[in-house]
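Notes follow the structure.
Convention: sequence-line order gives letters A, B, ...; per-chain numbering from 1. Here the structure is a predicted model, which is why all the values come from computation and not from measurement.
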2 protein chains.
Amino acid sequence: MTRIAAGLESAFARRGFAVPSVEDLRDAAGVSLRTLYKYAPSRDRMVRIALEHRHRRYLDHVFSDLPMGHEAALDALFERIGLWMERETSHGCLFHAAVAANPDNNELKALLERHKSEVAERAAGATGLSGRKIELMQVIEGLTQSWPLYRERATTGARHLGAALRRAEVPGPFDARTSSPSLT
Amino acid sequence: MTRIAAGLESAFARRGFAVPSVEDLRDAAGVSLRTLYKYAPSRDRMVRIALEHRHRRYLDHVFSDLPMGHEAALDALFERIGLWMERETSHGCLFHAAVAANPDNNELKALLERHKSEVAERAAGATGLSGRKIELMQVIEGLTQSWPLYRERATTGARHLGAALRRAEVPGPFDARTSSPSLT
DNA sequence: GACGATGTAGAGCGATTGTTCTACTTGTGC
DNA sequence: GCACAAGTAGAACAATCGCTCTACATCGTC
């Protein structure tokens, strides 16, 4: 079952949500058409199963064993996301892609929102930026979406933005040296 | 011709790139199938024509008559993008959506890159953030992509990030208000 | 007022789609 | 050794797709 989900995920990640036919998906899942339809009774369900699988893998990859310190966690977060982009996808966020391909599918929208809000929650918690959750999430989205164009420079850029955000978070004329003084 | 392009653009924006059939697109364009195929000899071309039209409209909406001052231009930029999101689309960037729906179409990728690089160029020029073009672009992407979830708060968040970026751009206790002295 | 370019309306084409169904094989517990 | 659940391979289905084509209407220009 998770093998099926993994196959579906990689097929959609590689070829998008519009192109692959159910027979393509069957090949990617490595099972027969009948078994595929048993676990995913429609193509829509195949999409959802793939996204749920990706959601779990993404959270694992990005958030497991982050450094404890807020500053280190922030840097590591962007590093991990950059690595994810490099390894797992050549374009932007798969959840946005799924919704964009099928804008009036409400189940997909719900999946997207659940994914994003969980990422936001955990990112804010790990970096101590709970008061700037929206801005943090925007940096993450910016990194994810701009990675195909800028590659590693996107990771560096996100780190700069993250550092600037941290500095803005705890303002004051004499900041106690805590964070990064100058932009990598 | 531009009426056809406008119709195609709005059809793809409303329903995504996978769903609408050529007959749907014909209805949206308001011409006959034959005329449609005369100006757009394949469905792929219809997509490209729609994107080119959107590119022009986006640049017009976002960059025409921006305030002269760098700081005011930065704020106005985010304001305009937020307004664009509210009026023109309920989900993220249409160019990313097109590429995501059809990841191995190289013409689409080229169109996406051209669009983004022109936006980056003009945004950096108008705001005096040429030395932080990647970061600025990431804030724009973050705003665009997170708008469906956060609505107006996304605009506010982008403004915060923009302000933090400006502050980081001209460091030092007494900044002489110029532009980017350090860190190309 | 005739003419060619340009438009509309819509039937028709082969190919492909998502989904279902039949017929056969395999593994496991009693 | 046998029944039963769960698998494979792939034929078959109606529906829909992108695209082409025919037949007819409308227009501006000489």
Side-chain angles (χ1 to χ4, degrees), chain A residues 1-54 94 97-111, chain B residues 1-54 94 97-111:
Chain A
M1 176 60 189
T2 74
R3 209 179 66 251
I4 293 178
L8 293 175
E9 189 210 319
S10 99
F12 286 125
R14 207 170 54 250
R15 316 196 34 217
F17 291 92
V19 172
S21 71
V22 173
E23 305 209 347
D24 294 336
L25 298 173
R26 170 202 53 167
D27 293 345
V31 295
S32 75
L33 217 44
R34 176 174 174 160
T35 306
L36 178 57
Y37 267 94
K38 177 181 173 188
Y39 293 106
S42 74
R43 192 180 186 279
D44 273 3
R45 292 287 285 269
M46 297 173 203
V47 171
R48 276 189 276 163
I49 286 173
L51 289 181
E52 279 156 12
H53 189 255
R54 168 158 289 229
L94 199 66
V99 170
N102 218 321
D104 32 36
N105 184 325
N106 290 322
E107 283 106 346
L108 286 190
K109 270 194 226 173
L111 234 53
Chain B
M1 175 59 189
T2 74
R3 208 178 67 253
I4 293 178
L8 293 176
E9 188 209 321
S10 98
F12 286 125
R14 208 170 53 251
R15 318 197 34 219
F17 291 91
V19 172
S21 70
V22 172
E23 304 209 346
D24 294 336
L25 297 172
R26 167 201 55 165
D27 293 345
V31 296
S32 74
L33 217 46
R34 177 176 173 159
T35 307
L36 178 57
Y37 267 95
K38 177 181 173 189
Y39 294 106
S42 74
R43 194 180 185 277
D44 273 2
R45 291 287 286 268
M46 297 173 203
V47 170
R48 275 188 276 164
I49 286 172
L51 289 182
E52 278 157 12
H53 190 254
R54 167 157 290 229
L94 199 66
V99 171
N102 218 322
D104 30 37
N105 184 326
N106 290 322
E107 282 107 346
L108 286 190
K109 270 194 227 174
L111 233 54

All N/O pairs under 3.5 Å across the protein-nucleotides 23-27 of chain C interface:
{"unit_1": "dA23(C)", "atom_1": "N6", "unit_2": "R34(A)", "atom_2": "NH1", "d": "3.0"}

Output side-chain donor-acceptor pairs under 3.5 Å for residues 33-41 of chain B, partner residues at least two apart or in another chain, one line each.
{"unit_1": "T35(B)", "atom_1": "OG1", "unit_2": "S32(B)", "atom_2": "OG", "d": "3.2"}

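- In this structure, L25(A) atom CG and dG18(C) atom P are separated by 8 Å, rounded to whole Å.
- In this view, A28(B) and A11(B) satisfy the side-chain contact (heavy atoms from CB on, under 4.5 Å) rule, not counting sequence neighbours.
- Scanning all heavy atoms of the two residues, the minimum distance from A101(B) to V19(A) falls at O-CG2, 4.0 Å.
- In this structure, D27(A) places its CG atom 12 Å from P of dT17(C), rounding to the nearest Å.
- Pairs of residues two or more places apart, or lying in two chains, that qualify as ring-ring contact (aromatic ring centres under 6.0 Å, His included) and include a residue from residues 16-36 of chain B are F12(B)-F17(B).
- Heavy-atom distances under 4.0 Å link DNA chain D to no residue of residues 98-110 of chain B.
- Rounded to 10°, the helix from dG1(C)-dC30(D) to dC30(C)-dG1(D) has 10° between the axis fitted to its first five pairs and the one fitted to its last five.
- Applying the salt bridge (charged side-chain N to carboxylate O under 4.0 Å, His left out) definition to pairs two or more places apart or across chains, those involving residues 3-32 of chain A are E9(A)-R54(A), E9(A)-R57(A), R15(A)-D24(A), E23(A)-R26(A).
- Within residues 38-53 of chain A, the residues that have a heavy atom under 4.0 Å from DNA chain C are, in order of number, S42(A), R43(A).
- Atoms CZ (R26(A)) and P (dG7(D)) sit 16 Å apart, rounded to a whole Å.
- Less than 4.0 Å separates DNA chain D from no heavy atom of any residue of residues 5-12 of chain B.
- Sorted by first and then second residue, the salt bridge (charged side-chain N to carboxylate O under 4.0 Å, His left out) pairs involving residues 101-110 of chain A (not counting sequence neighbours) form an empty list.
- T35(B) comes within 4.0 angstrom of a base, heavy atoms only.
- In this structure, the side-chain contact (heavy atoms from CB on, under 4.5 Å) partners of A5(B), at least two apart in sequence or on a different chain, are I49(B), H53(B).
- Residue order along DNA chain D, read from the 5' end via each residue's closest nucleotide, puts G30(A) first among Y37(B) and G30(A).
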Show the distances under 3.5 angstrom between N or O atoms of the protein and N or O atoms of nucleotides 12-14 of chain D.
none

